[in-house]
Student: 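Pasting a structure below so you can have a look.
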Amino acid sequence: MLGSAGLAAMLGCGARQPLTSSKPPAPTVSRVLPLARVIVLETSGPAPSDTSVTFTAGEPRTIVLRHGPPENIVFARLTFSAAAFADTGQTVKVDVHPRPGVYGIDLTTSHPLREKGATLVFEYSRFFSAPARARQVYGSDVAFERALAIGRLLPDAHIELLPPSRPAADNLGGELPAPGSYLVAAPQ
């Protein structure tokens with residue numbers, strides 16, 4: 001009797017079913033939208049300082065931007081691969097200017113950036129601040145957060161939303177196609 005009960009229990013368990021998610025897959029291509037048709041992620045934390053870094057092309061480099069005191073927590077990480085710049089051995093100057101009140105930066109480099117040579121990751125676990133419009137459009141902060149991407153500002157008031165990556169919880173990343181201005185935003 002005990003053996004029959006054990007056999008019945010094992011047969012009833014069956015194989016595990018794959019997990020399904022109601023979350024739509026992340027876009028794999030860039031999308032260009034009018035700037036007026038996106039909602040930009042705001043930050044409530046102390047602003048990071050402007051940063052200038054000089055290094056030798058051909059060596060990997062990570063620049064970490066931090067919110068101001070007293071927290072000094074990470075705002076963004078900008079990583080350049082060893083192949084980010086064509087002129088290996090030359091000195092490269094990178095200037096990063098955080099945009100006030102939002103998750104965004106203005107990036108300039110003294111040499112052209114190669115395709116897939118740099119990545120940008122914003123970390124927003126502490127100072128995430130969804131605008132009221134985001135709650136109206138998405139219904140919750142969580143739904144808004146899932147729709148976010150890093151966008152490159154384009155001429156004539158447009159933004160190119162780059163394919164997002166999520167290297168960790170409350171982190172949003174993307175490959176940078178060129179120096180320029182970047183914002184964390186979601187379509188309306």
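For this chain, numbers begin at 1 and follow the sequence in order. Fair warning: this is a prediction, and the values are worked out from it, not measured in the lab.
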Student: Side-chain contact, heavy-atom cut-off 4.5 Å: Leu183 with Tyr103?
Tutor: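 Leu183 vs Tyr103: side chains apart.
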Student: Check whether any side-chain heavy atom of Tyr182 sits under 4.5 Å from a side-chain heavy atom of Asp106, and report yes or no.
Tutor: no
Student: Taking all heavy atoms of Gly174 and all of Ser165, pick out the closest pair and write down the distance.
Tutor: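 Shortest heavy-atom separation between Gly174 and Ser165 comes out as N-OG, 4.0 Å.
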Student: Do the non-hydrogen side-chain atoms of Leu153 and Leu35 ever get within less than 4.5 Å of each other?
Tutor: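 Yes, their side chains come closer than 4.5 Å.
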Student: Without swapping roles, check the side chain of Thr109 against the backbone of Pro112 for a donor-acceptor pair under 3.5 Å.
Tutor: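 Answer holds: no.
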Student: Indicate, with yes or no, if Ile63 and Ile105 share a hydrophobic cluster defined by side-chain heavy-atom contacts under 4.5 Å among Ile, Leu, Val, Met, Phe, Trp and Tyr.
Tutor: yes
Student: Applying side chain to side chain contact (heavy atoms under 4.5 Å, CB included) to Thr43 and Ser129, what does each step give before you reach the verdict?
Tutor: CA-CA 5 Å; Thr43 177; Ser129 183; 5.9 Å; no
Student: Tell me, please, which residues at least two apart from Arg77 pass salt bridge (Lys or Arg N to Asp or Glu O under 4.0 Å).
Tutor: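 In terms of salt bridge (Lys or Arg N to Asp or Glu O under 4.0 Å), with neighbours along the sequence ignored, Arg77 is linked to Glu123.
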Student: Under 4.5 Å between side-chain heavy atoms, hopping through other hydrophobics if needed: is there a path connecting Val137 to Val38?
Tutor: no
Student: If I take atom CD from residue Glu175 and atom CG from residue Leu113, how far apart are they, to the nearest 0.5 angstrom?
Tutor: 10.5 Å
Student: Does the side chain of Glu145 pick up a donor-acceptor pair with the side chain of Tyr124 at under 3.5 Å?
Tutor: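 Glu145 vs Tyr124: donor-acceptor pair found between side chains.
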Student: So does Thr91 get a backbone contact from the side chain of His111, meaning a donor-acceptor N/O pair under 3.5 Å?
Tutor: yes
Student: In Å and rounded to the nearest 0.5 Å, what is the CG to OG distance from Leu65 to Ser49?
Tutor: 9.0 Å
Student: To the closest 0.5 Å, what do you measure between OG1 (Thr119) and CD1 (Ile150)?
Tutor: 8.5 Å
Student: Is there a side-chain contact between Val96 and Leu78 (heavy atoms, below 4.5 Å)?
Tutor: yes
Student: Of the non-hydrogen atoms in Ser181 and Arg99, which two are nearest, and what is the gap between them?
Tutor: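 For Ser181 and Arg99, the tightest heavy-atom pair comes out as OG-NH2, 3.8 Å.
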Student: Would a hydrophobic clustering, with Ile, Leu, Val, Met, Phe, Trp and Tyr connected at side-chain separations under 4.5 Å, put Ile73 with Leu172?
Tutor: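 Yes, same cluster.
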Student: For Glu71 versus Pro46, what's the shortest heavy-atom pair and its separation?
Tutor: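 Minimum heavy-atom contact is OE1-CG, 3.7 Å.
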Student: Working to the nearest 0.5 Å, report the span between OG1 of Thr79 and CG of Leu120.
Tutor: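 Rounded to the nearest 0.5 Å, the OG1-CG separation comes to 8.5 Å.
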Student: Of all the heavy-atom pairs spanning Arg31 and Pro187, show the shortest one and how long it is.
Tutor: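 The pair with the smallest heavy-atom distance is NH1-CG, 3.5 Å.
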Student: Taking the side chain as everything from C-beta on, heavy atoms only, tell me whether Val74 gets closer than 4.5 Å to Val64.
Tutor: yes
Student: Strictly distance-based, threshold 3.5 Å: is any side-chain N or O of Ser110 a donor or acceptor partner for the main-chain N or O of Lys93?
Tutor: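 Pair found, side chain donor or acceptor close to backbone of Lys93.
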Student: Between Ala84 and Gly117, which heavy-atom pair has the shortest distance, and what is it?
Tutor: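 Closest approach of Ala84 to Gly117: CB-O, 3.2 Å.
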Student: Which value, rounded to the nearest 0.5 Å, describes the distance between Gln188 atom CD and Ile39 atom CD1?
Tutor: 4.5 Å
Student: Nearest 0.5 angstrom please: Leu41 CG to Phe122 CZ, how far?
Tutor: 9.5 Å
Student: If two hydrophobic side chains count as joined below 4.5 Å and joins carry through other members, does Val53 share a cluster with Phe80?
Tutor: yes
Student: Kindly list each side-chain donor-acceptor pair under 3.5 angstrom involving residues 154-164, sequence neighbours excluded, with atom names and distances?
Tutor:
from   : atom 1 : to     : atom 2 : distance (Å)
Asp156 : OD1    : His158 : ND1    : 3.1
His158 : ND1    : Asp156 : O      : 2.8
Glu160 : OE1    : Arg152 : NE     : 3.1
Glu160 : OE1    : Arg152 : NH2    : 2.8
Glu160 : OE2    : Ser30  : OG     : 3.2

Student: With a 4.5 Å cut-off on side-chain heavy atoms, are Phe128 and Leu148 touching?
Tutor: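 The answer is yes; the side chains approach within 4.5 Å.
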Student: State, to 0.1 Å, how close Val92 and Ala57 come at their nearest heavy-atom pair, and which atoms those are.
Tutor: CG2-CB, 3.6 Å
Student: With the side chain counted from C-beta on, respond yes when Phe75 and Phe127 share a heavy-atom pair under 4.5 Å apart, and no when they do not.
Tutor: no
Student: With under 30° as parallel and over 60° as perpendicular, where do the rings of Tyr138 and Phe144 fit, or are they tilted in between?
Tutor: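 Ring orientation, 0 to 90° scale: tilted.
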